[in-house]
**Q** 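My questions will all concern the structure given below.
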Amino acid sequence: MKNLLKNFLIYFLAFLIIASLFSVFSSKTPKSDKVGLEFLVSELNSNQISSIVVNGDELQLVMKDGAKKVAQKETGESLSSLLKNFNVDSQKLVGVDIKIKEADGMSFWLTTILPILLPILLIGAFLYFTMRGVASANSRAMTFGQSGAKEFQIDQKNKVTFGDIAGAKEAKEELKEVVEFLRFPKKFHDLGARIPKGVLLLGSPGTGKTLMARGVAGEANVPFFHISGSEFVEMFVGVGASRVRSLFQKAKKSSPCIVFIDEIDAVGRKRGSGMGGSHDEREQTLNQILVEMDGFEPTDNIIVIAATNRPDVLDPALLRPGRFDRQVVIDIPDIKERDEILQVHARKKPLTEGTDLHKIAERTPGFSGADLENVLNEAAILAARKDKKTIGMEEMFESVEKVMMGPERKSRVITDKEKKITAYHEAGHAIVAHFLPNTDAVHKVSIIARGSAGGYTLKLPSFDRHMHSKTEYIEELAVLLAGHFAEKQIFGEVTTGATSDLRRATALARSLITDFGMSEVLGPRTFGQKEEMIFLGREIHEQRDYSERVAEKIDEEINSFITTAGQVAVKIINEKREYIEKIVAELLEKETIEREVFESIVGPKVA
Ligand code: ADP
Ligand code: MG
Ligand code: ZN
């Protein structure tokens with residue numbers, strides 16, 4: 001369609017150019033005077049003309065004295081009838097040499113046909129393209145019930161195999177079984193085993209769920225239908241359900257195959273809990289998925305893989321045996337897995353000799369596979385901007401921080417006063433973090449603005465932790481508050497720079513009490529039921545399951561946690577004031593301090 005339009009335009013332009021060139025070159029014989037028809041008639045009558053050449057509507061006259069003149073006749077009127085109309089005696093024409101030049105093809109086209117044809121062509125083209133637009137909109141409207149599932153025939157070149165997926169060992173083991181089912185279904189049928197119909201992949205965003213599903217298809221070498229949950233949901237009620245039907249019809253035709261429903265939480269939310277208009281539609285779509293999954297026979301050899309990062313909101317009916325009865329959890333990678341993921345993605349990138357990806361893995365706790373890929377990509381971009389041929393550690397460290405906290409904003413203008421305040425603020429965080437026994441080691445302190453932060457202190461755990469104690473959290477609170485208290489101790493007042501620290505500290509303190517049961521006063525229980533409600537967009541709604549009186553107590557406890565942590569911070573800030581001054585001096589000079597320099601000033605971290 002686009003091509004057609006393009007070709008049409010190209011030909012059309014070429015035509016116009018040729019036409020205009022032609023008209024320039026074929027322009028009238030030079031140096032001929034234009035004369036009127038009366039002149040022609042009178043000269044004929046006085047026998048002054050030796051020859052007349054008729055060229056289209058142009059009459060080229062050559063006089064007996066050799067002069068050349070040009071006259072114009074009416075279009076369509078012949079010379080003879082013209083002369084008759086002017087009552088020229090035919091005897092007068094005897095000595096005149098009259099030649100009729102055929103208007104040649106091209107000029108006939110250009111001068112006669114084109115002016116008539118052009119508007120018609122333009123109008124025709126206009127009508128044609130608008131009609132097409134309407135027609136395709138119509139046909140789209142008529143086919144909205146069909147699924148837009150994209151089928152990926154396994155393309156041998158871009159095929160994803162388990163080898164391209166690092167880490168996630170348990171998940172891969174589980175899914176290898178699924179691959180077996182698809183490759184050798186007979187083996188299982190013969191033993192009367194029921195092949196699972198559905199596998200649900202659970203994991204945070206970016207942990208490689210989509211990748212894993214493609215890996216299964218690649219390993220089993222079967223067709224792969226990919227559709228996203230949100231594609232079922234459309235303007236018209238009932239569309240989702242009919243899309244599901246057509247998707248499964250298509251799948252049955254090309255079995256054995258994999259149907260992959262990405263982000264299934266878009267349709268698979270608990271029924272009957274939604275608000276607002278679209279919820280009926282979702283329910284119907286979900287019902288249809290359940291019906292289809294119940295409907296196909298084990299011998300159909302279709303396996304439905306679905307992925308979500310919100311298993312908590314899924315309808316329990318989806319998780320029943322016979323539907324998505326297998327659940328595969330894909331975790332955020334640990335340090336070893338991060339190392340492996342980095343290796344996988346570094347394969348296609350030229351790294352500087354001696355780069356140690358393990359160091360990057362150490363610095364990136366909590367990063368997902370997608371984040372790690374992004375780190376390498378950002379590093380490559382940085383290296384390219386520095387006109388380097390390979391990617392070095394420096395670029396990778398830089399890009400880790402960029403991915404964590406946003407790009408550096410070196411150009412942000414700050415006054416010396418602001419710089420000094422930021423330096424004391426960050427030194428406060430760093431010193432308190434360093435001298436508390438259960439906190440993570442300080443890897444970097446900087447007063448260069450990054451993202452929305454004025455400066456930052458980078459602390460990293462030396463190993464991945466899965467559990468945290470109350471002591472650790474109180475110390476973490478103290479570190480969060482340290483910036484605020486450092487400003488207060490040194491300058492006697494605080495700035496707006498600590499706002500986000502305070503917000504995070506308050507949220508953390510609240511969690512300790514309401515989610516982790518770490519308050520002695522309120523005891524080991526949780527407070528509030530978080531429930532997601534969809535109403536005009538996304539919104540988390542917390543339902544109170546406690547009384548007003550308890551709410552007051554929670555507030556008091558939050559205050560008491562924060563006060564305790566604040567006292568810890570203030571104590572360290574006062575005791576270690578000399579170190580703070582040293583760090584501040586260093587920061588004001590260098591703007592950034594790495595771990596080695598930091599520890600050479602304050603001594604190694606005692607854990
Ligand atoms: P999800 O669907 O879980 O949100 P994706 O499967 O889309 O995440 O993963 C995004 C990208 O992250 C992938 O394209 C891949 O490049 C990278 N990635 C994630 N996990 C891994 C892994 N375990 N091994 C290699 N690459 C990974
Ligand atoms: Mg995905
Ligand atoms: Zn801070």
Side-chain angles (χ1 to χ4, degrees), residues 158 160-172 175 200-217 226-230 260-266 305-311 328-334 336-349 361 367-377 403 405 421-433 445-447 449-459 476-488 494-505 569:
N158 295 321
V160 177
T161 63
F162 283 167
D164 300 317
I165 308 169
K169 230 168 132 202
E170 290 87 359
K172 275 199 256 180
L175 290 167
L200 187 61
L201 301 177
L202 310 171
S204 321
T207 43
K209 299 180 295 295
T210 309
L211 188 71
M212 196 64 93
R214 303 193 58 178
V216 173
H226 180 163
I227 193 162
S228 171
S230 57
F260 178 49
I261 307 177
D262 210 350
E263 319 288 350
I264 196 175
D265 46 303
I305 300 183
T308 180
N309 46 10
R310 300 292 316 275
V328 176
V329 178
I330 306 184
D331 267 327
I332 286 282
D334 63 19
K336 196 166 139 279
E337 290 170 325
R338 288 200 296 274
D339 201 347
E340 287 166 17
I341 293 173
L342 286 167
Q343 312 252 356
V344 165
H345 288 287
R347 273 189 220 150
K348 284 170 238 145
K349 296 192 167 65
F367 275 43
S368 69
D371 292 332
L372 292 170
E373 187 190 7
N374 193 17
V375 164
L376 283 179
N377 191 46
V403 170
M405 284 173 287
I421 294 174
T422 311
Y424 275 105
H425 180 109
E426 295 307 329
H429 282 309
I431 291 295
V432 172
V445 192
S446 171
I447 54 168
R450 218 178 233 294
S452 57
Y456 58 97
T457 301
L458 181 66
K459 296 183 290 122
E476 180 62 35
L477 267 182
V479 174
L480 278 173
L481 296 168
H484 170 93
F485 282 111
E487 288 183 33
K488 200 166 177 186
V494 294
T495 63
T496 52
T499 317
S500 73
D501 289 344
L502 299 184
R503 196 174 295 284
R504 274 168 61 197

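Note that these values count all heavy atoms, side chains included, but never hydrogens, waters or copies made by symmetry. Atoms within each ligand, like the ligands themselves, are counted from 1 in listed order.
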**Q** Indicate, as side chain, backbone, both or neither, the part of E373 found under 4.0 angstrom from ligand 1 when only non-hydrogen atoms are considered.
**A**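 Side chain only; the backbone of E373 stays clear of ligand 1.
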**Q** Nearest 0.5 angstrom please: R347 CZ to L342 CG, how far?
**A**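 Between R347 CZ and L342 CG, I get 12.5 Å after rounding to 0.5 Å.
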**Q** For E373 and N377, which I'm curious about, is there any donor-acceptor pair between the side chains at under 3.5 Å?
**A**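 Distance-only check fails for E373 and N377.
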**Q** Can you list the protein N, O or S atoms less than 2.8 Å from the Mg ion (ligand 2)?
**A**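 Protein N/O/S atoms under 2.8 Å of the Mg ion (ligand 2): T210 OG1.
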**Q** Just to be sure I'm reading this right: ignoring hydrogens, which of L211, L376, T308 gets closest to atom 6 (O) of ligand 1? Compare them by their nearest heavy atoms.
**A**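 When every heavy atom of L211, L376, T308 is considered, L211 comes closest to atom 6 (O) of ligand 1.
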**Q** Between the side chains of D262 and T210, is a donor N or O closer than 3.5 angstrom to an acceptor N or O?
**A**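 Checked: D262/T210 side chains pair up, N/O donor to acceptor below 3.5 Å.
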**Q** Mark up the atoms of ligand 1 that fall under 4.0 Å of a heavy atom belonging to T207, in ascending order.
**A**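 Numbered from 1, ligand 1 contributes 3 (O), 8 (O), 19 (C), 20 (N).
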**Q** Just jot down the ligand 1 atoms closer than 4.0 angstrom to any heavy atom of I165, in number order.
**A**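 Result: 23 (N), 24 (N).
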**Q** Enter the distance from D265:CG to R310:CZ here, rounded to the nearest 0.5 Å.
**A**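 Between D265 CG and R310 CZ, I get 7.0 Å after rounding to 0.5 Å.
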**Q** Determine the minimum heavy-atom distance between R338 and P333, stating which atoms define it.
**A**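 Looking at all heavy atoms of both residues, the shortest contact is NH1-O, 3.3 Å.
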**Q** To the nearest 0.5 Å, what is the distance between NZ (K459) and OG1 (T457)?
**A**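 Between atom NZ of K459 and atom OG1 of T457 there are 8.5 Å.
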**Q** Is a side-chain donor or acceptor of K172 paired with a backbone partner of G163 at a separation under 3.5 angstrom?
**A**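 Side chain of K172 to backbone of G163, a donor-acceptor pair under 3.5 Å: no, none is there.
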**Q** List the atom of V445, the atom of A430, and the distance in Å for their closest heavy-atom pair.
**A**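 Taking every non-hydrogen atom into account, CG2-CB, 3.8 Å.
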**Q** Consider ligand 1: state whether an atom of it lies below 4.0 angstrom from any non-hydrogen atom of G206.
**A**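 The answer is yes: ligand 1 sits under 4.0 Å from a heavy atom of G206.
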**Q** Can E487 and T495 be counted as having a side-chain donor-acceptor contact under 3.5 angstrom?
**A**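 Indeed, the side chains of E487 and T495 share at least one donor-acceptor pair under 3.5 Å.
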**Q** Give the residue, atom name and distance (to 0.1 Å) of the protein heavy atom nearest atom 2 (O) of ligand 1.
**A**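 Nearest neighbour among protein heavy atoms for atom 2 (O) of ligand 1, to 0.1 Å: T210 OG1, 2.6 Å.
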**Q** Roughly, to 10 degrees, what angle do H425 atom NE2 and D501 atom OD2 form around the Zn ion (ligand 3)?
**A**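 It comes to 90°.
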**Q** In ligand 1, which numbered atoms sit nearer than 4.0 Å to a non-hydrogen atom of P205?
**A**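 Near P205, meaning under 4.0 Å from one of its heavy atoms, ligand 1 has 4 (O).
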**Q** Starting at CD of Q343, measure out to CG of L376 and round the result to the nearest 0.5 Å.
**A**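 Nearest 0.5 Å value for the CD-CG distance: 10.0 Å.
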**Q** Have a look at R338, H345, Q343 and point out the one with the heavy atom closest to atom 25 (C) of ligand 1.
**A**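 Residue with the shortest heavy-atom distance to the ligand atom: H345.
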**Q** Heavy-atom pairs closer than 4.0 Å: do any link ligand 1 to the side chain of D164, the backbone, both, or neither?
**A**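 For D164, the contact with ligand 1 is made by the backbone alone.
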**Q** Which is closest to atom 9 (O) of ligand 1 in terms of heavy atoms, G208, A307, A213, G163?
**A**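 It is G208 that holds the nearest heavy atom.
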**Q** For I330, state whether at least one heavy atom is located under 4.0 Å from any atom of ligand 1.
**A**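 I330 does not count as a contact of ligand 1 under the 4.0 Å cut-off.
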**Q** Quick check: closest heavy atoms across A171 and I330, and the distance to 0.1 Å?
**A**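 Looks like CB-CG1, 4.1 Å.
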**Q** Supply the atom-to-atom distance T496 OG1 to L502 CG, rounded to the nearest 0.5 angstrom.
**A**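 Output value for this atom pair is 10.5 Å.
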**Q** Run down the list G215, S204, A166 and name the one with the heavy atom closest to atom 23 (N) of ligand 1.
**A**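 Nearest heavy atom to atom 23 (N) of ligand 1 lies in A166.
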**Q** Quick one: pull up CZ in R504 and CG in L477 and give me the separation to the nearest 0.5 Å.
**A**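 Rounded to the nearest 0.5 Å, the CZ-CG separation comes out at 11.0 Å.
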**Q** Note the single closest protein heavy atom to atom 10 (C) of ligand 1, along with its residue, its atom name and the distance in Å.
**A**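 For this ligand atom, the closest protein heavy atom is A370 CB, 3.8 Å.
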